[in-house]
Amino acid sequence: MISRLTARLLLILSLITILVMTAFVVIRFDAAASLMQRSLDERSHAVAERVANSVRPTIWNVYKKAYERSYTVELASAILDSEMKSSFVQGIKVFGNFGHLYMGRIKIDGQIVNYDRSLHSQLWLGGHNRLRLPIKAGEVTIGNVEIIYSDKDFAENLYQNLIVEITQVAIVSLMFVGSLYLLLRFSLVAPVQSLEVAEQALGAINEAVFIIDIAGRITDTNPAYSKITQYSKSELCGFVPIIHACDDPTIDFKTLISDEYMTDGHWSGEVVGQKKEGTTFPGWLGLNRVKRKDSVVTYVGVLTDITEKKEAQDKLHKLAYFDALTNIPNRHYFLARIDEQLELAKREQYKLGLLYLDLDNFKWANDQYGHELGDQLLISVAEQLKQRLRESDVLYRIGGDEFTVIIPNYHKESNLVRLATALIEQASNEYVIEGKSINLGASVGISTYPKDSDNSKDLIIQADTAMYQAKEAGRGQVHFFSSELDMQRQEHQRIEARLRDAIGQNSLQLYYQPKVTFSNGQMSCNSAEALMRWIENDRVVFMPDQFIPIAEQTDLICDLGYWVINTACEQMAFWAKAGRGHLKVAINLSPRQLRDEKLYDFLLAKITLFNIDPQMLELEITEYAVIENIEQSIRTLDKLKTLGVSIAMDDFGTGYSSLSYLKQLPIDVLKIDRSFIQKLPGDLDDVAIVTAIFSMAKALNLAVVAEGVENQEQLDFLMLQRCDIAQGYFFSPPLNHAGFTDWLGNVESWNNNVEQ
């Protein structure tokens with residue numbers, strides 16, 4: 001009887017055990033499947049969002065038919081390749097606004113290749129999960145991202161869980177069969193064995209699994225929980241997990257299991273967990289509420305350490321938002337931050353300033369010493385600039401040698417000026433890179449909210465405009481934006497555009513101003529200076545002092561310089577055929593053209609093409625152009641001298657006028673600036689300066705040209721100084737080639753009359 005009752009009891013207990021384990025399998029499997037499926041969905045959507053965010057600027061450029069140098073296809077491709085390294089992602093396609101394929105990647109036999117519609121379309125459609133996400137710019141859809149991903153890991157994990165759970169049921173079932181055979185002997189052993197099996201199953205899971213009661217205290221955990229948190233299992237019994245929501249530390253674990261968050265019986269999201277020693281780690285937590293038949297409520301939690309995943313996300317974020325060279329925030333980051341700061345300024349009703357800084361002379365240093373040294377120079381400059389900023393200020397590199405700083409809640413404009421001046425001083429420090437000493441500088445433009453504009457786009461344009469005005473004012477300057485500056489900037493842009501057209505439409509002409517010598521009462525002219533005139537409809541529309549400074553801000557000045565050389569050589573060839581091959585023509589070289597590596601080859605080609613006697617060609621340079629880099633200038637001028645041309649120092653006396661460099665330069669002529677000639681002979685200071693220049697030129701065996709001669713008194717004084725050549729309106733204004741030829745004829749007739 002006892003054996004029969006024991007057998008029945010064992011049978012009932014075995015059935016209960018099987019039911020409980022089956023229910024546990026169903027609940028656990030359902031929870032794991034739901035959690036894994038949500039993770040799969042969220043992960044795939046996150047990948048699509050990251051790709052969409054990364055390629056949005058590139059697609060937007062295509063959509064707007066614009067070009068932004070900071071956002072290239074290479075950057076977008078780097079993002080795609082980074083995502084494709086995951087075993088989860090099998091393919092990524094980016095479509096343009098009209099559905100055309102912009103770029104794509106797909107895995108073929110584990111190798112990442114560019115997507116080819118003709119080769120891979122069937123493979124794309126078969127056997128993979130797909131997700132398509134629109135790329136939006138505001139409310140406008142400018143493209144789409146489509147990914148295919150593998151649920152292999154999902155299926156394998158789910159399959160492993162199912163195997164574990166089925167194993168548990170199978171073991172219990174075997175225990176039940178065995179219990180029939182060993183009815184009494186094993187009546188108490190079977191439950192213990194089933195618990196051990198359950199514990200082993202939980203121990204095989206890498207995620208931290210824990211069970212908590214209604215009060216939030218832990219009642220049981222698997223070994224993975226101890227491994228992640230570094231608490232022992234005995235310490236965890238009755239312990240409330242130290243976990244809070246990642247976006248709000250006030251939302252602790254007890255809050256997460258409250259009805260407010262567990263309205264549908266489960267909750268999942270990113271959290272921050274704390275280890276025993278106090279350090280924290282990012283995690284993903286899934287919670288499920290389980291209510292037993294006796295109405296006792298427990299919770300099952302699954303916690304995953306996502307530190308590696310967050311590190312990978314941080315790397316992608318840094319790639320997208322930080323400059324790879326200087327390691328400071330880039331243009332993309334700047335555009336996002338200025339919008340945020342501007343909205344905050346509007347909400348909190350305070351002022352905001354934007355500093356736009358551009359380095360002076362960086363392009364010259366980069367061209368002179370190479371891009372590798374230029375990169376090192378930019379790194380050093382960025383470090384120097386950051387030292388002058390407050391901890392709350394951020395320096396952004398928005399491209400090339402341009403930097404910006406956003407200054408929220410400033411009190412006075414003088415504060416912005418002080419900071420901008422400090423940045424200029426810092427940028428002007430001497431930099432020693434690879435043994436080379438380099439001196440730069442900086443110009444800063446400032447725009448402010450709400451004074452100048454209430455939107456970020458205009459603020460950036462206005463600060464950029466003010467910066468260019470600072471450069472035009474002599475560099476190393478600080479300028480605030482003003483409407484007058486904007487109008488002037490637009491006028492300069494208009495002149496620049498018209499000048500480009502004028503070069504191609506032959507609206508420019510060369511005029512020639514005679515250079516005169518006197519000997520034995522006779523006036524002769526054997527040389528002239530070539531000067532540009534911009535003529536349309538038979539009238540001068542712009543004088544050189546109006547368009548040359550604008551051209552000097554761009555490479556357009558080089559185009560003008562080469563046009564002058566070509567036109568002057570062509571005219572010299574024409575005069576040579578007409579029997580006036582003795583005429584020397586002086587051509588002005590701009591500082592930028594003097595640094596141009598193409599200058600020597602171009603001059604040689606034109607001298608050869610027009611069969612010009614190089615001794616009849618004179619190149620005029622300014623002190624400013626030479627002193628900018630004296631060593632390079634000497635090398636360039638020495639090379640030009642090998643052609644046989646002569647070199648003249650123009651506007652002498654207005655710059656450094658130092659013998660220490662003058663004696664090093666391979667020059668033949670000094671041209672005294674007109675500012676020293678105008679008040680002769682009445683101004684004693686000018687008399688002393690001009691006399692000193694003649695003495696210095698004689699000591700250095702240099703010829704002297706006095707420009708700006710306008711009256712007989714000036715000429716008489718210069719002749720007493722034995723001036724070699726004089727030039728000015730007293731003799732003739734600049735003339736076109738026909739007028740200059742007529743003037744030469746009149747001079748020859750006058751000389752003949754004097755002789756008779």
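The analysis underlying the following values was restricted to heavy atoms, covering all of them including side chains, and did not include hydrogens, waters or symmetry mates. Given the structure is predicted, the values throughout are model-derived calculations rather than measurements.
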Undergrad: Asp716: which residues meet the side chain to side chain donor-acceptor pair (under 3.5 Å) condition with it, sequence neighbours left out?
TA: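 With sequence neighbours excluded, Asp716 shows a side chain to side chain donor-acceptor pair (under 3.5 Å) to Gln712, given in chain and number order.
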Undergrad: Taking all heavy atoms of Asp668 and all of Ser646, pick out the closest pair and write down the distance.
TA: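 Closest heavy-atom pair between Asp668 and Ser646: OD2-CA, 3.2 Å.
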Undergrad: With a sphere of 6.0 Å drawn around CD of Gln615, does it hold more than 12 non-hydrogen atoms of other residues, nucleotides or ligands?
TA: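 It does not: Gln615 CD has 12 such atoms or fewer within range.
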Undergrad: Holding to side-chain contact (heavy atoms from CB on, under 4.5 Å), I want the full list of residues that pass it with Glu713, two or more places apart in sequence or in another chain.
TA: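 In terms of side-chain contact (heavy atoms from CB on, under 4.5 Å), with neighbours along the sequence ignored, Glu713 is linked to Pro681, Asn711.
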Undergrad: Please confirm whether the backbone N or O of Ile503 pairs with a side-chain atom of Ser507, one donor and one acceptor, at under 3.5 Å?
TA: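 Checking the backbone N and O of Ile503 against the side chain of Ser507, no donor-acceptor pair under 3.5 Å is found.
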Undergrad: Could you list the residues that satisfy side chain to side chain donor-acceptor pair (under 3.5 Å) with Tyr512, not counting sequence neighbours?
TA: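 If we apply the side chain to side chain donor-acceptor pair (under 3.5 Å) test to Tyr512, skipping adjacent residues, there are no hits.
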Undergrad: Identify the residue among Leu416, Leu419, Ile407 that makes a side-chain contact (heavy atoms from CB on, under 4.5 Å) with Ile446.
TA: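 The single option meeting the side-chain contact (heavy atoms from CB on, under 4.5 Å) with Ile446 is Leu416.
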Undergrad: Taking all non-hydrogen atoms of both residues into account, name the closest pair between Pro614 and Ile607 and its distance.
TA: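 The answer is CB-CD1, 4.1 Å.
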Undergrad: Would you say Asp360 and Ser443 are linked by a side-chain donor-acceptor pair, where the criterion is simply a distance under 3.5 Å?
TA: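 Side-chain D/A pair, Ser443 to Asp360: present.
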Undergrad: I would like to know whether Lys363 and Asp401 meet salt bridge (Lys or Arg N to Asp or Glu O under 4.0 Å); could you show each step before the answer?
TA: CA-CA 8 Å; Lys363 186 178 185 301; Asp401 58 345; over 6 Å; no
Undergrad: Counting only heavy atoms not in Glu413, do more than 12 fall under 6.0 Å of its CD?
TA: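 For Glu413, atom CD is crowded (more than 12 foreign heavy atoms under 6.0 Å).
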Undergrad: Could you tell me which residues satisfy ring pair (Phe, Tyr, Trp, His ring centres under 6.0 Å) with Phe610, sequence neighbours excluded, listed by chain and number?
TA: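 If we apply the ring pair (Phe, Tyr, Trp, His ring centres under 6.0 Å) test to Phe610, skipping adjacent residues, there are no hits.
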Undergrad: Does a side-chain N-to-carboxylate-O contact under 4.0 Å join Lys679 and Glu710?
TA: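 Salt bridge between Lys679 and Glu710, a charged N being under 4.0 Å from a carboxylate O: no.
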Undergrad: Which side-chain N or O atoms in residues 689-698 pair as donor and acceptor under 3.5 Å with protein atoms at least two apart or in another chain?
TA:
from	atom 1	to	atom 2	distance (Å)
Thr691	OG1	Val687	O	2.7
Ser695	OG	Thr691	O	3.1

Undergrad: Counting only heavy atoms not in Asn701 (residues, nucleotides, ligands), do more than 12 fall under 6.0 Å from its CG?
TA: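 Atom CG in Asn701 is not packed in, count stays at 12 or less.
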Undergrad: So, using salt bridge (charged side-chain N to carboxylate O under 4.0 Å, His left out) as the criterion, who are the partners of Lys386 when residues are at least two apart?
TA: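 Testing Lys386 for salt bridge (charged side-chain N to carboxylate O under 4.0 Å, His left out), a comparison that skips the adjacent residues, returns Glu383.
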Undergrad: In chain order, what residues pass the side chain to side chain donor-acceptor pair (under 3.5 Å) check against Gln593, with sequence neighbours excluded?
TA: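 Counting only residues at least two positions away or on another chain, Gln593 forms no side chain to side chain donor-acceptor pair (under 3.5 Å).
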Undergrad: Applying side chain to side chain donor-acceptor pair (under 3.5 Å), can you list everything that pairs with Glu597, at least two apart in sequence or on another chain?
TA: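 Checked Glu597 against side chain to side chain donor-acceptor pair (under 3.5 Å); zero matches.
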Undergrad: Could you give all pairs that pass the side chain to side chain donor-acceptor pair (under 3.5 Å) test and reach residues 599-609, with sequence neighbours left out?
TA: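 Every pair satisfying side chain to side chain donor-acceptor pair (under 3.5 Å) with a residue in residues 599-609: Asn566-Lys606.
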Undergrad: What are the two closest heavy atoms between Met543 and Phe547, and how far apart are they?
TA: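 Heavy atoms only, the tightest pair is O-CD2, 3.2 Å.
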Undergrad: Could you pull out all donor-acceptor pairs under 3.5 Å where a side-chain atom in residues 528-535 meets a protein atom, sequence neighbours excluded?
TA:
from	atom 1	to	atom 2	distance (Å)
Glu529	OE1	Lys671	NZ	3.0
Glu529	OE1	Gln727	NE2	2.7
Glu529	OE2	Asn588	ND2	2.9
Trp534	NE1	Glu536	OE2	3.1

Undergrad: Are Tyr562 and Phe602 an aromatic pair by the rule of ring centers under 6.0 Å?
TA: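 Yes - the distance between ring centres of Tyr562 and Phe602 falls below the 6.0 Å cut-off.
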Undergrad: Out of Phe403, Tyr396, Phe334, which one pairs with Ile328 under the side-chain contact (heavy atoms from CB on, under 4.5 Å) rule?
TA: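 The single option meeting the side-chain contact (heavy atoms from CB on, under 4.5 Å) with Ile328 is Phe403.
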Undergrad: If you measure only the distance, is there a donor-acceptor pair under 3.5 Å linking the side chains of Gln384 and Asn429?
TA: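 Present: a donor and an acceptor within the cut-off.
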Undergrad: Closer than 3.5 angstrom, by distance alone: can the side chain of Gln571 be matched with the main-chain N or O of His737 as a donor-acceptor pair?
TA: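 Flag not set: sc Gln571 to bb His737 has no pair under 3.5 Å.
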Undergrad: Applying salt bridge (charged side-chain N to carboxylate O under 4.0 Å, His left out), name anything that partners Glu491, two or more places apart in sequence or on another chain.
TA: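 Once residues adjacent in sequence are excluded, the partners of Glu491 under the salt bridge (charged side-chain N to carboxylate O under 4.0 Å, His left out) criterion are Arg494.
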Undergrad: What is the minimum heavy-atom distance between Leu378 and Thr326, and which atoms define it?
TA: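 So the two residues come closest at O-CG2, 3.9 Å.
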Undergrad: What closest approach, in Å, do Leu617 and Lys584 show between heavy atoms, and which atom pair accounts for it?
TA: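 So the two residues come closest at N-CG, 4.3 Å.
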Undergrad: Going from CZ on Arg592 to CG on Leu599, what distance comes out if it is rounded to the nearest 0.5 angstrom?
TA: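 If I round to the nearest 0.5 Å, the distance is 14.5 Å.
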Undergrad: Give a yes or no on whether a salt bridge exists between Arg388 and Glu425, defined as a side-chain N under 4.0 angstrom from a carboxylate O.
TA: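 The answer is yes: the pair qualifies as a salt bridge.
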Undergrad: Begin from the C-alpha positions of Leu510 and Val564 and carry the test side-chain contact (heavy atoms from CB on, under 4.5 Å) through to its verdict.
TA: CA-CA 7 Å; Leu510 272 191; Val564 170; 4.1 Å; yes
Undergrad: Would you name the heavy atoms of Asp724 and Leu702 that are closest together and state the gap between them?
TA: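 Residues Asp724 and Leu702, closest heavy atoms: OD2-O, 4.4 Å.
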Undergrad: How would you list, by chain and number, every residue that makes a salt bridge (charged side-chain N to carboxylate O under 4.0 Å, His left out) with Glu570, sequence neighbours excluded?
TA: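 Expected list: none.
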